Each structure stands twice: as C-alpha cells, then as structure tokens.
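Positions are given from 1 along the sequence. Start at 1 and go down the list; that is how both ligands and their atoms are numbered. Only a predicted model underlies this, so the values are computations on that prediction, with no experimental measurement involved.
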Amino acid sequence: MKKPDGKVVLLGDMNVGKTSLLHRYMEKRFQETVSTVGGAFYLKQWGPYNISIWDTAGREQFHGLGSMYCRGAAAVILTYDVNSLQSLTELEERFLALTDSASADCIFAIVGNKVDLTDDCTLPPDENRPEKSVASCSSKVRKQVRAEDAIALYKKILKYKMLDEKDVPAAEKMCFETSAKTGYQVDYLFETVFDMVVPIIVRQKAEGPPQTVDITDYKPAKRTKSGCCA
Ligand SMILES: Nc1nc2c(ncn2[C@@H]2O[C@H](COP(=O)(O)OP(=O)(O)OP(=O)(O)O)[C@@H](O)[C@H]2O)c(=O)[nH]1
Ligand SMILES: [Mg+2]
C-alpha cells in the first residue's frame, strides 16, 4: 500500500453524512450507509502526494478515538447537518477539543451537509431523479442552521486555536454547504481542502515522518443504557 504523505480527517456527530460525503467524492455515488464503527480511510492521489482521508465514527462510544485520528492532521473537516442546530453545537462542544492533536498549522473546514432536504431551490437537480427536484421543493424544510452560524463557529475556532484571522483562510472560504445525495459542492469541498493542505504536507515532509494512528492507547467507553459497542 502507498504511504500517505498527509492526513485529512472528517469529524462530526453521527448521522450528519461524513461517510456519505466521502463515498460521494471517492466513488461518485450515493449509497445507503451503516453507522461507522471506529474509523476507515481512503487514499487520494493529489499531484505528487498521497493524502489519507479519515472517516471517523460520530457515535459517542468511539469519541476517544477522535484525537488519535486527528494526530498530525493537515486538515480537519468539521461536518454538521444543516437541519440540526444540535449537530453544529456538538462540533464546538464535543469535537473541537479532539483537534488539539492536529498539526499546528492545520486547516479547518466547516461543512453543512444535507442541503438537498432544505427549501433552497437554487440547488441543482437530484441527479438520480432529476424530475423530482423542483417539484418537491415545497415539501422541503427551512434550514435550521444558517451559513452565518457556521461562520461564527469558524471564528470561535480561530479564537480557541489563538489564530489571527489575517493569517488563515477567510471564514467565507472555509464554510461549505453540501449534499452527499446530489453531489452539490462535494468535489469543490475536498479539492479546496486538498489544495490548501499541500504546503502543510511539504512542510511536514521536510520536518520528518508523518504521524500515524496508534490505536493501542484506545480504551473503549463503558457500555451505556442507550447502546453498546459493535
Ligand atoms: N438527504 C440526504 N441524506 C443524507 C445525506 N448525506 C447522508 N445522508 C443520509 O444520512 C444518514 C447518515 O449518513 P452517514 O454518511 O452514514 O452519516 P455519518 O456522519 O457517517 O454517521 P456515523 O458514521 O454514525 O458517524 C444516511 O441514511 C444517509 O443516507 C445528504 O446529503 N442528503
Ligand atoms: Mg459514518
């Protein structure tokens, strides 16, 4: 197997669509998923570099793994569901701290997925069922999370990381809205992130071997009433 040169990690609550976004980008299709157990990765060749893209589990039981997956990450894609304000709040409350182990110059993208379910009729047609996309607009719901909410979170992340807005990409550039179902903005998201991680990969390579995931540190969470580890 090729050795990855750099790492991009998807984080976010269960059910927001992390696995679906990655499938859509890598396999160009939308298919039914099962809730992720632990984590999995794809390798993407980007120019001369191999980038590993890690899909993590949003389920609480696997929370402890998150910071291991983030170790040395060149970019973290924080994903929420545009129809769930709670999923955006969780990014700040539960997932942001996991990124402490990422590279010091890690890029952050904030992604609101499932825009196809909202009443934003400017979306391109559903490629699987083009005839349905406009007709079904009226049955769609108003977005619960506004783009400004995501931008506000991006600014909080900069504060948390003690970064100056002048030294990082603008919030408007790093907040995306996507649909893994229709493919809306999915390529744009990943390709924007890949372009931005190249200089980080170059620096990491100059400084030494990339960090790897060490799952020997992982202690599974205790079983709870609401569920158990698979
Ligand atoms: N309508 C719509 N449904 C989506 C979209 N993305 C994902 N889904 C659905 O949302 C559900 C959860 O998707 P996953 O990709 O498994 O979510 P996840 O974030 O990987 O969840 P965990 O692995 O549990 O952390 C599935 O039923 C998907 O089919 C989208 O863009 N639009
Ligand atoms: Mg998943």
Side-chain angles (χ1 to χ4, degrees), residues 8-42 52-70 76-91 93-96 98-99 109-130 132-145 147 150 175-190 213 218 220-221 224 226-230:
V8 173
V9 182
L10 282 147
L11 286 183
D13 207 357
M14 62 182 286
N15 216 37
V16 296
K18 301 176 295 298
T19 302
S20 303
L21 281 168
L22 207 41
H23 276 167
R24 164 60 76 183
Y25 180 65
M26 296 300 296
E27 291 162 17
K28 306 290 170 221
R29 63 197 165 102
F30 181 71
Q31 66 193 61
E32 257 325 298
T33 53
V34 287
S35 187
T36 305
V37 171
F41 76 98
Y42 281 91
S52 58
I53 321 168
W54 283 85
D55 177 23
T56 62
R59 280 156 72 183
E60 190 84 47
Q61 289 99 318
F62 299 106
H63 197 62
L65 283 172
S67 69
M68 280 183 281
Y69 289 125
C70 284
V76 173
I77 300 177
L78 293 163
T79 314
Y80 67 94
D81 173 350
V82 291
N83 306 297
S84 160
L85 194 52
Q86 180 62 24
S87 69
L88 184 80
T89 310
E90 290 280 309
L91 290 179
E93 293 181 351
R94 196 151 72 87
F95 292 97
L96 184 54
L98 300 178
T99 67
I110 302 182
V111 177
N113 188 41
K114 305 197 188 181
V115 280
D116 59 283
L117 295 175
T118 72
D119 63 0
D120 185 347
C121 295
T122 59
L123 291 179
D126 180 334
E127 70 182 29
N128 298 322
R129 295 189 305 165
K132 294 276 183 196
S133 53
V134 171
S136 61
C137 257
S138 57
S139 64
K140 293 183 177 184
V141 294
R142 190 158 291 277
K143 244 192 298 186
Q144 265 203 37
V145 187
C175 293
F176 301 80
E177 287 190 341
T178 58
S179 167
K181 186 168 184 180
T182 65
Y184 178 70
Q185 298 274 64
V186 176
D187 288 359
Y188 175 65
L189 159 69
F190 283 102
V213 172
Y218 176 59
T224 61
S226 58
C228 65
C229 300

Which ligand 1 atoms, with their elements, are less than 4.0 angstrom from a heavy-atom of [X]?
X	value
Ser179	31 (O)
Asn113	5 (C), 6 (N), 30 (C), 31 (O)
Met14	21 (O), 22 (P), 24 (O), 25 (O)
Ser20	6 (N), 7 (C), 13 (O), 14 (P), 15 (O), 28 (C)
Ala180	6 (N), 30 (C), 31 (O)
Leu117	1 (N)
Asp13	19 (O)
Thr36	22 (P), 23 (O), 24 (O)

Please report the shortest heavy-atom distance between [X] and [Y], naming the atom on each side.
X	Y	result
Leu91	Leu11	CD2-O, 4.2 Å
Thr33	Ser20	CG2-OG, 3.6 Å
Val82	Glu177	CG1-OE2, 4.2 Å
Lys181	Asp116	CD-OD2, 3.5 Å
Phe41	Ser52	CD1-CB, 3.8 Å

Nearest protein heavy atom with distance in Å, relative to [atom]:
atom	answer
atom 20 (O) of ligand 1	Thr19 OG1, 2.9 Å
atom 27 (O) of ligand 1	Glu32 OE1, 3.6 Å
atom 24 (O) of ligand 1	Ser35 OG, 2.6 Å
atom 10 (O) of ligand 1	Lys114 NZ, 3.0 Å
atom 16 (O) of ligand 1	Thr33 OG1, 2.6 Å

May I ask you to identify, for [X], whether its side chain, its backbone, both or neither come under 4.0 Å of ligand 1 on a heavy-atom basis?
X	value
His23	neither
Thr182	neither
Asn15	both
Asp116	side chain

Considering both backbone and side-chain atoms of [X], is one of its nitrogen or oxygen atoms within less than 3.5 Å of a nitrogen or oxygen in ligand 1?
X	answer
Gly17	yes
Lys18	yes
Lys181	yes
Phe30	no

If the cut-off is 2.8 Å, does any N/O/S atom of Thr36 fall short of it from the Mg ion (ligand 2)?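 Yes, since at least one N, O or S atom of Thr36 sits under 2.8 Å from the Mg ion (ligand 2).
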
Regarding Ser20, does it place an N, O or S atom less than 2.8 Å from the Mg ion (ligand 2)?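 No, outside the cut-off.
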
Between Thr89 (side chain only) and Leu85 (backbone N and O only), is there a donor and an acceptor less than 3.5 Å apart?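 A pair under 3.5 Å: yes.
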
With a 4.0 Å cut-off on heavy atoms, is Ala57 touching ligand 1?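 Heavy atoms of Ala57 do come under 4.0 Å of ligand 1.
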
Can you find a heavy atom in the side chain of [X] that is under 4.5 Å from one in the side chain of [Y]?
X	Y	value
His23	Thr19	yes
Thr178	Arg24	no
Thr56	Thr36	no
Gln144	Gln86	no
Phe190	Ile77	yes
Lys18	Val16	yes
Arg59	Val37	yes

Indicate whether any N or O donor in one side chain lies under 3.5 Å from an N or O acceptor in the other, for Tyr42 and Glu27.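 The answer is yes; a qualifying pair exists.
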
